[in-house]
Amino acid sequence: QVQLVESGGGLVQAGGSLRLSCAASGRTIDSNALGWFRQAPGKEREFVATISSSGSTTIYADSVKGRFTISRDNAKNTVYLQMNSLKPEDTAVYYCAARRILWAGSSARSYDYWGQGTQVTVSS
């Protein structure tokens, strides 16, 4: 079993930056692909970014491409999401997730473990 805990959310002005972290415990996650998803009020959870177990492959949603960067440190059992040039439409609860296979993927249904989420609010 893997437990995931996100941190780093908060309130930021449009154009600003935040770095989210997600620490895993229970066992190492070096054989798990990891992902970030978000859910805004009244909307469905949506894919943001994913990274393969080795870190060699990353995939981004079109809405965040060029602004967000996903990375991982397997030695620290942690995945990160660097968010730059934030927009009010990025406001959401951000969740990290892990799945039991090596390859990156964008489908939320393919993920087996989820964190509790961290709020990101971008003011205009």
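Positions are given from 1, in the same order as the sequence printed here.
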Which residue pairs satisfy the disulfide (SG to SG under 2.5 Å) criterion with at least one member in residues 33-79, sequence neighbours excluded?
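Of all non-adjacent pairs touching residues 33-79, none passes disulfide (SG to SG under 2.5 Å).
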
Listing request: all disulfide (SG to SG under 2.5 Å) pairs with a residue in residues 28-75, at least two apart in sequence or in separate chains.
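Passing the test, one end in residues 28-75: no pairs.
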
Give the minimum heavy-atom separation between [X] and [Y], together with the two atoms involved.
| X | Y | value |
| --- | --- | --- |
| Ile29 | Leu34 | CD1-CD1, 3.7 Å |
| Ala24 | Val2 | CB-CG1, 4.2 Å |
| Met83 | Leu86 | CB-CD2, 3.8 Å |

Contacts of type side chain to side chain contact (heavy atoms under 4.5 Å, CB included), residue Gln116, not counting sequence neighbours:
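Side chain to side chain contact (heavy atoms under 4.5 Å, CB included) check on Gln116 returns Val5, Glu6.
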
Please name all residues satisfying side chain to side chain contact (heavy atoms under 4.5 Å, CB included) with Ser85, sequence neighbours left out, ordered by chain then number.
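Side chain to side chain contact (heavy atoms under 4.5 Å, CB included) list for Ser85, sorted by chain: Arg67.
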
Listed pairs under 3.5 Å, donor-acceptor, residues 96-111 side chains, sequence neighbours left out:
residue, atom, partner, partner atom, Å
Arg99, NE, Trp103, O, 3.0
Arg99, NH1, Ser110, OG, 2.7
Arg99, NH2, Trp103, O, 2.6
Arg99, NH2, Ala104, O, 3.2
Arg100, NE, Tyr113, OH, 3.3
Arg100, NH1, Asp112, OD1, 3.2
Ser107, OG, Arg109, N, 3.4
Ser110, OG, Ser107, O, 2.7
Tyr111, OH, Thr50, OG1, 2.9
Tyr111, OH, Gly105, O, 2.6

So, using side chain to side chain donor-acceptor pair (under 3.5 Å) as the criterion, who are the partners of [X] when residues are at least two apart?
| X | value |
| --- | --- |
| Tyr94 | Arg38 |
| Ser124 | none |
| Ser7 | none |

Just grab all the ring-ring contact (aromatic ring centres under 6.0 Å, His included) pairs involving residues 47-88, residues at least two apart or on different chains.
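Counting only pairs at least two positions apart or across chains, the ring-ring contact (aromatic ring centres under 6.0 Å, His included) contacts touching residues 47-88 are Phe37-Phe47.
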
Checking side-chain polar atoms at under 3.5 Å, does Arg72 have a donor or acceptor matched by the opposite partner on Asn77?
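Result is no, nothing qualifies.
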
Can you list every pair that meets salt bridge (charged side-chain N to carboxylate O under 4.0 Å, His left out) and has a residue in residues 114-124, with sequence neighbours left out?
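Counting only pairs at least two positions apart or across chains, no salt bridge (charged side-chain N to carboxylate O under 4.0 Å, His left out) contact touches residues 114-124.
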
Quick one: salt bridge (charged side-chain N to carboxylate O under 4.0 Å, His left out) pairs with a partner in residues 55-65, sequence neighbours left out?
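As it turns out, the salt bridge (charged side-chain N to carboxylate O under 4.0 Å, His left out) pairs with a partner in residues 55-65, which skip direct neighbours, are Asp62-Lys65.
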
Thr58 (side chain) donor-acceptor with Ile51 (main chain) under 3.5 angstrom
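It does not hold such a pair.
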
Side chains of Trp36 and Val79: closer than 4.5 Å at any heavy-atom pair?
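Sidechains of Val79 and Trp36: in contact.
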
A side-chain contact here means heavy atoms from C-beta on lying under 4.5 Å apart; do Val120 and Thr91 qualify?
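No, side chains not in contact.
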
Contacts under 3.5 angstrom, residues 9-23 side chains, donor-acceptor by atom type, not counting sequence neighbours:
residue, atom, partner, partner atom, Å
Ser17, OG, Asn84, OD1, 2.9

